[in-house]
Each structure stands twice: as structure tokens, then as C-alpha cells.
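Structure record follows, encoded as C-alpha cells.
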Amino acid sequence: MKIDKKDINIFLALWIKSDPELWGELRDIQIKLLLQRIVKEKSFTEMAKEHKVCETKLRQIFEAILKRIEIGLNKEVANHLRKINNLLERKNVMRIEHDFNQVFLN
């Protein structure tokens, strides 16, 4: 059985919006950043422009959010959110995978 990615994102959004323990650990802006990154799959660049902060600072804030989830809620949850974040990072990287011996310059 293959699960649709859209269904997973809906589940994650519902969990983030309704988990009282999560809301007890994080502020409103931290919840918003978590939703934007994990569910809406926004890049750090997009989020930095939207919130008028440098990308490096936003990455640090996001890592602090994950650390707070790890300490306050559950280490496994934080690890899975990190995995999703890492997958999103790889998604944004363009890769060129060609055999350059077969590239013809015409």
C-alpha cells in the first residue's frame, strides 16, 4: 500500500495544530515555522525573506525548535522531523549526473 504524500502532510499539519504538549513547548511563531518548513515544504530562503531575517539565523531557530521538541516531547519525534528537514534540503539541491564522456559539444 502506497501512502499519498498529501495525506501525510495533512496528518502532520493536524498533529502540529492540535497537540497540546507541542503547543505547551513552542511559541506561536515556532509552530508557524515548523508548519511552513515541514508541511508546506518552504525553503529556508523563502522563509527568511517572508520573516525578514537572514537564512542562517532562521536555520538556527529551526534547529532550536527541533531541540526543544527533542527535550520537551520526544527524541524520536525530533529525529523524524530532522529526517524530513534533511530530505527537503536534498530536494532543493540540483544535481548534474551525466557521463561527461558522452557529452558532445556541437
Side-chain angles (χ1 to χ4, degrees):
M1 178 176 148
K2 187 172 182 179
I3 299 173
D4 187 20
K5 187 173 180 291
K6 183 179 176 183
D7 291 334
I8 293 171
N9 283 348
I10 290 170
F11 174 77
L12 285 170
L14 291 172
W15 167 70
I16 291 170
K17 290 180 179 180
S18 65
D19 186 351
E21 289 182 41
L22 184 67
W23 278 88
E25 287 296 320
L26 301 178
R27 297 181 181 160
D28 291 347
I29 187 65
Q30 292 171 321
I31 297 285
K32 184 176 180 178
L33 292 173
L34 190 62
L35 280 168
Q36 286 180 335
R37 180 64 178 160
I38 300 298
V39 177
K40 294 181 181 176
E41 300 181 8
K42 286 189 175 184
S43 69
F44 284 115
T45 305
E46 292 172 316
M47 292 169 58
K49 286 179 186 175
E50 182 179 332
H51 296 285
K52 296 179 178 86
V53 66
C54 72
E55 186 177 336
T56 306
K57 187 70 170 174
L58 192 62
R59 287 177 183 276
Q60 292 171 343
I61 292 168
F62 191 77
E63 184 54 39
I65 291 168
L66 295 179
K67 189 66 174 175
R68 194 147 182 198
I69 290 171
E70 181 181 318
I71 293 169
L73 291 176
N74 189 321
K75 188 174 183 173
E76 282 188 60
V77 171
N79 287 338
H80 284 290
L81 290 173
R82 276 191 186 92
K83 285 180 186 177
I84 293 170
N85 183 49
N86 291 337
L87 288 172
L88 291 172
E89 282 294 298
R90 283 192 224 131
K91 178 180 167 183
N92 292 332
V93 176
M94 188 175 125
R95 298 175 192 264
I96 300 174
E97 296 179 3
H98 290 286
D99 184 3
F100 285 104
N101 293 327
Q102 295 192 13
V103 174
F104 301 103
L105 302 174
N106 290 336

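Between the CG atom in Leu73 and the CG atom in Leu26 there is a gap of 7.0 Å [rounded to 0.5 Å]. Atoms NE2 and CG, on His80 and Asn74 in that order, are 8.5 Å from each other to the nearest 0.5 Å. Note: Met47 CE to Leu33 CG = 4.5 Å, rounded to the nearest 0.5 Å. Note: Leu66 CG to Ile71 CD1 = 11.5 Å, rounded to the nearest 0.5 Å. Atom CG of Leu22 sits about 9.5 Å away from atom CD1 of Ile65, to the nearest 0.5 Å. To the nearest 0.5 Å, the span separating CD on Glu25 from CG on Asp19 amounts to 10.0 Å.
Using a 4.5 Å cut-off on side-chain heavy atoms (C-beta onward), Phe62 and Leu81 make no contact. For the pair Lys17/Leu35, a side-chain contact is recorded, criterion being any heavy-atom separation below 4.5 Å from C-beta on. With a 4.5 Å cut-off on side-chain heavy atoms, Ile61 and Ile29 do not count as touching.
Hydrophobic clustering (ILVMFWY, side-chain heavy atoms < 4.5 Å, transitive): Ile84 and Trp15 are in one cluster. Under a hydrophobic-cluster definition in which Ile, Leu, Val, Met, Phe, Trp and Tyr are linked whenever side-chain heavy atoms come within less than 4.5 Å, directly or via other members, Ile8 and Val77 are assigned to the same cluster. By the rule that hydrophobic residues join a cluster once side-chain heavy atoms approach within less than 4.5 Å of another member, Leu14 and Val39 end up as members of separate clusters.
Evaluation of the side chain to side chain donor-acceptor pair (under 3.5 Å) rule for Glu21 yields no partner, not counting sequence neighbours. With sequence neighbours excluded, no residue forms a side chain to side chain donor-acceptor pair (under 3.5 Å) with Arg27. Shown here are the side chain to side chain donor-acceptor pair (under 3.5 Å) partners of Gln36, two or more places apart in sequence or in another chain: Glu50, His51. Partners of Lys57 by side chain to side chain donor-acceptor pair (under 3.5 Å), not counting sequence neighbours: none found. Residues meeting the salt bridge (charged side-chain N to carboxylate O under 4.0 Å, His left out) test with Glu63, sequence neighbours left out: Arg82. Residues meeting the side chain to side chain contact (heavy atoms under 4.5 Å, CB included) test with Thr56, sequence neighbours left out: Cys54, Gln60.
The existence of a salt bridge linking Glu89 and Arg59 is confirmed by a sub-4.0 Å separation between a basic side-chain nitrogen and an acidic carboxylate oxygen. Electrostatic pairing of Glu70 and Lys67 counts as a salt bridge here, judged by a charged N lying under 4.0 Å from a carboxylate O.
Closest non-hydrogen pair, Leu88 versus Ile38, comes out as CD1-CA, 4.4 Å.
At least one donor-acceptor pair under 3.5 Å links the side chain of Trp23 to the backbone N or O of Ile16.
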